[in-house]
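Side chains included, hydrogens not; waters and symmetry mates left out as well; all remaining heavy atoms used. Quick caveat, the model's predicted, so the values are computed rather than measured. To find a chain, count down the sequence lines: A is the first, B the second, and so on, and within it residues start at 1.
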2 protein chains.
Amino acid sequence: MTETTHWLSEPEQHAWRSFVRMQERLAGRLGRRVQAESGLSVADYGVLVHLTEAPEGRLRVLELARVVEWEKSRMSHHVNRMAKRGLVVREDCPADARVALVCVTAAGREALATAAPCHVEAVRHLLIDPLSPAELAMLAQVSNRILEELDKGCD
Amino acid sequence: MTETTHWLSEPEQHAWRSFVRMQERLAGRLGRRVQAESGLSVADYGVLVHLTEAPEGRLRVLELARVVEWEKSRMSHHVNRMAKRGLVVREDCPADARVALVCVTAAGREALATAAPCHVEAVRHLLIDPLSPAELAMLAQVSNRILEELDKGCD
DNA sequence: GCCCCATTGATGATGCATCAACAATCTGTT
DNA sequence: AACAGATTGTTGATGCATCATCAATGGGGC
């Protein structure tokens with residue numbers, strides 16, 4: 001440790017703290033609202049969205065994990081819990097005995113249909129409405145810039 | 001459900017998805033880096049920062065929970081785990097037998113001293129550097145705007 | 001002094017995320 | 001056919017977050 005750290009300036013620190021605070025509180029509020037009004041967690045919601053968008057409403061566990069950017073293990077556990085609640089069912093794949101297909105149930109589709117307007121309204125109320133169109137565009141741009149950087153370095 | 005939902009437009013949806021993706025991946029990367037290089041989670045880091053900034057390096061559990069914006073229960077559990085690792089110690093308060101004081105240990109200060117440069121560098125690399133100063137300022141402004149909205153409605 | 005009740009905090013239960021280890025199956029090679 | 005290695009997914013352990021509940025204490029009014 002011969003090098004000295006390049007500490008954050010005052011405005012940098014402020015930006016970082018505001019950003020983190022905003023993130024945490026936004027995620028918390030959104031999650032609690034959707035959960036309370038629809039009985040689905042944000043995680044459930046994402047899984048169901050991708051499932052219903054898939055042909056025949058079903059996907060392999062690994063494919064599902066890929067689209068929502070989760071680890072396969074997390075998806076496996078989560079699918080079990082969702083199946084226990086009747087939101088999805090597991091099916092075997094005739095072509096490949098290794099793969100486990102996950103399929104939305106009618107109850108899952110219904111839960112999603114209930115959650116979707118609630119989710120959209122929360123997003124609109126908490127993020128879209130408070131910002132001008134220009135600010136929203138800027139936020140998207142900033143997000144994409146950071147995502148590029150994240151993709152670049154796997155460190 | 002007589003009212004029809006005001007769905008997100010294409011750019012709105014894109015902004016939202018980019019934002020969420022960025023958040024999740026940024027938090028994940030930052031957490032894993034700090035954890036790997038210093039042995040502290042981001043949660044540990046925040047607790048230690050506030051503790052070391054307090055007079056005599058100690059705070060009541062509830063006060064600590066307030067400054068990091070956690071529930072008291074979460075803090076109680078977390079302090080237990082940190083105490084088990086030797087990062088903090090619990091002390092009794094002579095003036096009020098209800099309160100539990102939490103105090104940083106030397107090991108805690110040392111762990112923080114190790115983690116801090118690593119944390120700062122990760123923040124700089126992942127967030128500050130990819131953005132122009134104007135973009136960073138805009139991000140702070142946007143964050144604060146959203147925070148205002150969050151403070152307004154407790155719904 | 002004594003009661004009411006607010007404050008402060010701990011605890012146990014539950015669900016979730018991650019990790020490492022494992023099992024089953026498929027595919028290509030010999 | 002048989003084996004090696006890759007693919008696909010499950011499982012159990014551990015730590016973390018939240019919720020509801022409980023216990024102890026302090027402070028004010030009578």
Closest non-hydrogen atom pair, B:Trp70 against B:Met75: CE3-CE, 3.3 Å
Suppose the criterion is ring-ring contact (aromatic ring centres under 6.0 Å, His included): which pairs have a residue in residues 28-62 of chain B, not counting sequence neighbours? B:Tyr45-B:His119
Write down the distance between CG (B:Asp44) and C1' (D:dA17), rounded to a whole number of angstrom. 14 Å
Reading DNA chain C from 5' onward, which residue's closest nucleotide shows up sooner: A:Ala95 or B:Arg32? B:Arg32
A:Leu40 CG - C:dG15 C1' separation (whole Å): 15 Å
If the threshold is 4.0 Å, N to carboxylate O, is there a salt bridge linking A:Glu69 and B:Arg21? yes
Side-chain N or O of A:Arg90 versus OP1/OP2 of D:dT10: is the shortest distance under 4.0 Å? yes
Looking at D:dT8, C:dA10, C:dT25, which one has an atom nearest to any side-chain atom of B:Ala100? C:dA10
Rounded off to whole Å, could you give me the CZ-to-P distance for the A:Arg98 and C:dT25 pair? 10 Å
Nearest-angstrom distance from the residue atom CG of B:Asp92 to P of D:dG26: 11 Å
Please give, in whole Å, the distance from C:dT27 C1' to A:Asp96 CG? 11 Å
Among residues 60-85 of chain B, which contact DNA chain D at a heavy-atom distance under 4.0 Å? B:Glu71, B:Ser73, B:Arg74, B:His77, B:His78, B:Arg81
Between residues 45-59 of chain A and DNA chain D, which residues have a heavy-atom gap below 4.0 Å? none
A:Gln35 CD to D:dC19 C1': how many Å, rounded? 12 Å
Using a strict 4.0 Å threshold on nitrogen-to-oxygen distance, state whether A:Glu12 and B:Arg124 make a salt bridge. yes
Any salt bridge between A:Arg81 and A:Asp44, counting N to O under 4.0 Å? no
Side chain to side chain contact (heavy atoms under 4.5 Å, CB included), that's the test. Do B:Val104 and B:Leu87 meet it? Break it down for me. CA-CA 6 Å; B:Val104 209; B:Leu87 299 170; over 6 Å; no
Evaluate the side chain to side chain contact (heavy atoms under 4.5 Å, CB included) criterion for residues B:Arg29 and B:Leu126: first the C-alpha distance (whole Å), next the side-chain angles of each, then the deciding distance (0.1 Å), finally the verdict. CA-CA 9 Å; B:Arg29 182 76 63 89; B:Leu126 297 174; 3.9 Å; yes
Any salt bridge linking A:Lys152 with A:Glu149? Criterion: basic side-chain nitrogen under 4.0 Å from a carboxylate oxygen. yes
Under 4.0 Å between a Lys/Arg side-chain N and an Asp/Glu carboxylate O for A:Glu148 and A:Arg145? no
